[in-house]
Colleague: 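Handing you a structure now.
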There are 2 protein chains.
Amino acid sequence: MAEPDPPRAEQRRTWRSPDRRDEILRAAFALFAERGYRGTSLAAVADRAGLSQPGLLHHFPGKEALLAGVLQMYEKIDAGRLFTGPTATTATETSLDRLAEVIEYNASRPDAVRALAVLAAESVTSDHPARAFFVERYAEFRKGAARALEAEFKRRGQLTSEQAAALTIAVLDGLHLQWLLQPDEIDVPDLFTAFLSLLRQRPIDNN
Amino acid sequence: MAEPDPPRAEQRRTWRSPDRRDEILRAAFALFAERGYRGTSLAAVADRAGLSQPGLLHHFPGKEALLAGVLQMYEKIDAGRLFTGPTATTATETSLDRLAEVIEYNASRPDAVRALAVLAAESVTSDHPARAFFVERYAEFRKGAARALEAEFKRRGQLTSEQAAALTIAVLDGLHLQWLLQPDEIDVPDLFTAFLSLLRQRPIDNN
DNA sequence: CGCGAACTACCGAGTAGTAGGTCGGCAACG
DNA sequence: CGTTGCCGACCTACTACTCGGTAGTTCGCG
């Protein structure tokens with residue numbers, strides 16, 4: 001019954017309920033941020049969205065579908081801002097400063113940051129449904145960042161742009177983790193800017 | 001069920017437990033690494049340790065106590081290696097290079113890294129029993145790293161030693177996350193060394 | 001030495017509670 | 001009158017945890 005859906009995947013997908021679906025997704029997003037995927041129950045999401053649990057399952061076939069929807073929603077919202085986009089993004093517009101702006105913006109919405117941080121870390125556990133998503137996301141993220149870095153200051157010292165990209169993303173995630181644990185002690189935008197200034201330095205033995 | 005209890009603990013079943021407790025803790029550590037704290041059931045830990053679930057609860061009063069035991073065990077094992085130690089560590093011996101060695105060592109035991117990464121990220125969710133542990137751990141970690149950094153090259157450029165410490169730890173955690181998602185793409189020791197070389201560079205406008 | 005109380009380690013069976021998911025049906029609407 | 005949105009009741013599986021009991025060991029005491 002709920003298994004086969006090859007033909008009806010295209011046009012009739014959204015029916016007439018995009019509003020309610022979005023409400024549910026927002027509720028799920030908030031709860032995933034607070035308690036993680038495994039720590040969140042469908043009943044809690046349904047309650048937050050103002051309907052019953054079977055009512056929720058009318059919109060999403062299962063919990064994994066909910067998670068998929070949340071991740072997809074996040075992608076739509078945030079993908080445009082960053083160099084995380086598809087391969088054919090205009091390379092000139094993407095830059096590390098642009099990323100720094102996003103980080104500044106993120107400081108005002110810890111819930112979204114927490115959701116992504118929690119889900120990403122959770123996804124490294126075995127059989128986690130978001131694992132593929134994050135593997136792909138990080139790969140693309142690194143590729144985009146490497147491109148941006150290359151455009152901005154080519155090769156510096158011993159660092160390849162791929163290495164710099166991995167480090168940049170690592171700094172971001174690591175700072176966010178510390179910030180989520182101790183919001184008052186960690187100023188993410190400030191620290192990230194400091195890291196960028198490190199990246200822009202010249203190597204000690206060159207020129 | 002499927003295990004007929006092959007190595008039934010030699011002959012002497014170590015009166016007064018510590019062996020059995022350690023077995024249980026090791027099983028719990030491994031499972032927390034695989035599935036996280038919330039994703040791990042007491043029954044699964046008990047099964048892995050070769051006893052029943054009530055048998056496990058004979059050694060630990062509850063699941064939180066198990067987690068506490070695991071974290072305590074980790075602290076005992078790893079605290080000595082790092083500058084995470086108490087305030088009165090010999091400052092001369094602590095260094096970033098020493099940290100780099102630990103990172104190299106950690107590359108050979110992804111399970112331990114995964115356990116800490118997963119538990120740390122999980123602990124940012126509300127009401128997580130490990131939260132206090134990680135808040136304290138990171139605060140101490142930063143303090144120790146800041147001291148080591150100060151000793152090694154005082155103040156560099158715009159970076160205070162506290163900022164450098166937060167960045168260093170962030171790089172570590174972030175790299176580990178990427179590595180756990182894509183082990184073949186990320187060389188943590190290599191990237192960390194690259195980051196250290198960034199830290200050691202001179203500021204662009206100085207000297 | 002022997003014997004039984006005390007203690008440790010453990011298990012079988014069960015507790016209440018919660019999880020994700022199913023089923024049948026009801027109401028509104030185009 | 002079928003599609004869409006939703007709910008109450010229910011199901012099964014699993015959760016952490018409890019209870020009562022039973023081996024095996026140690027030790028006090030005669």
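The figures that follow rest on heavy atoms only: side chains count, while hydrogens, waters and symmetry mates do not. Each chain gets a letter, A, B and so on, in the order its sequence line appears, and its residues count up from 1.
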Colleague: From CD of B/Glu23 over to P of C/dA9, roughly how many Å is that when rounded to an integer?
Modeller: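 One finds 13 Å between P of C/dA9 and CD of B/Glu23, rounded.
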Colleague: Given atom CG of A/Asp47 and atom P of C/dA19, what is their separation to the nearest angstrom?
Modeller: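 Computing the A/Asp47:CG to C/dA19:P distance gives 11 Å.
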Colleague: Without decimals, in angstroms, what is the distance between A/Phe60 CZ and D/dC6 P?
Modeller: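 Distance check: A/Phe60 CZ to D/dC6 P gives 11 Å.
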Colleague: Look at the side-chain N and O atoms of B/His58 and state whether any lies under 4.0 Å from the OP1 or OP2 oxygen of C/dA9.
Modeller: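 So the side chain of B/His58 is within the cut-off, an N or O lying under 4.0 Å from OP1 or OP2 of C/dA9.
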Colleague: Is any NZ, NE, NH1 or NH2 atom of the basic residue among B/Glu23 and B/Arg20 found under 4.0 Å from an Asp or Glu carboxylate oxygen of the other?
Modeller: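 Judged by the 4.0 Å cut-off on N to carboxylate O distance, B/Glu23 and B/Arg20 do form a salt bridge.
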Colleague: Counting just side-chain N and O atoms, does A/His59 come under 4.0 Å of either OP1 or OP2 of D/dT4?
Modeller: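 No, outside the criterion.
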Colleague: Taking only side-chain N and O atoms of B/Arg20, does any of them lie within less than 4.0 angstrom of OP1 or OP2 on C/dC10?
Modeller: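 True: B/Arg20 side-chain N/O within range (under 4.0 Å) of C/dC10 OP1/OP2.
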Colleague: Name all residues meeting the side-chain contact (heavy atoms from CB on, under 4.5 Å) criterion together with B/Ala27; count only those two or more places apart in sequence or in a different chain, and write none if there are none.
Modeller: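 Scan of B/Ala27 (side-chain contact (heavy atoms from CB on, under 4.5 Å), adjacent residues dropped) gives B/Val45, B/Arg48, B/Ala49.
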Colleague: Specify the separation, in whole Å, of atom CZ of B/Arg21 and atom C1' of C/dT8.
Modeller: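 Taking CZ of B/Arg21 and C1' of C/dT8, I get 14 Å after rounding.
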Colleague: Check whether any side-chain N or O of A/Ser41 sits under 4.0 Å from OP1 or OP2 of C/dA19, and answer yes or no.
Modeller: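 Affirmative; the distance criterion is met.
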Colleague: Whole Å only: how far is the CG atom of B/Leu67 from the P atom of D/dA16?
Modeller: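 Atom CG in B/Leu67 sits about 12 Å away from atom P in D/dA16.
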Colleague: Is there any side chain to side chain donor-acceptor pair (under 3.5 Å) pair reaching into residues 183-196 of chain A, and which pairs are they, with sequence neighbours excluded?
Modeller: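 Checked against side chain to side chain donor-acceptor pair (under 3.5 Å) - neighbours excluded - the pairs reaching residues 183-196 of chain A are A/Asp190-B/Gln163.
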Colleague: Kindly compute the distance separating NE2 (B/His59) from CD1 (B/Ile24), expressed to the nearest 0.5 Å.
Modeller: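 Those atoms lie 4.5 Å apart.
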Colleague: Would you mind telling me which of A/Leu198, A/Leu149, A/Leu159 makes a side-chain contact (heavy atoms from CB on, under 4.5 Å) with A/Leu167?
Modeller: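 Checked A/Leu198, A/Leu149, A/Leu159 against A/Leu167; only one passes side-chain contact (heavy atoms from CB on, under 4.5 Å): A/Leu159.
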Colleague: Test your reading of the model: is there a side-chain donor-acceptor pair from A/Lys76 to the backbone of A/Leu71, 3.5 Å cut-off?
Modeller: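 Not confirmed, A/Lys76 side chain does not pair with A/Leu71 backbone.
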Colleague: Report each atom pair, protein N/O against N/O of nucleotides 17-21 of chain D, whose distance is under 3.5 angstrom.
Modeller:
residue	atom	partner	partner atom	Å
D/dC17	OP2	B/Lys63	N	2.8
D/dC17	N4	B/Gln53	OE1	3.0

Colleague: How many Å lie between CZ on A/Arg38 and P on C/dG20, as a whole number?
Modeller: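 Atom CZ in A/Arg38 sits about 12 Å away from atom P in C/dG20.
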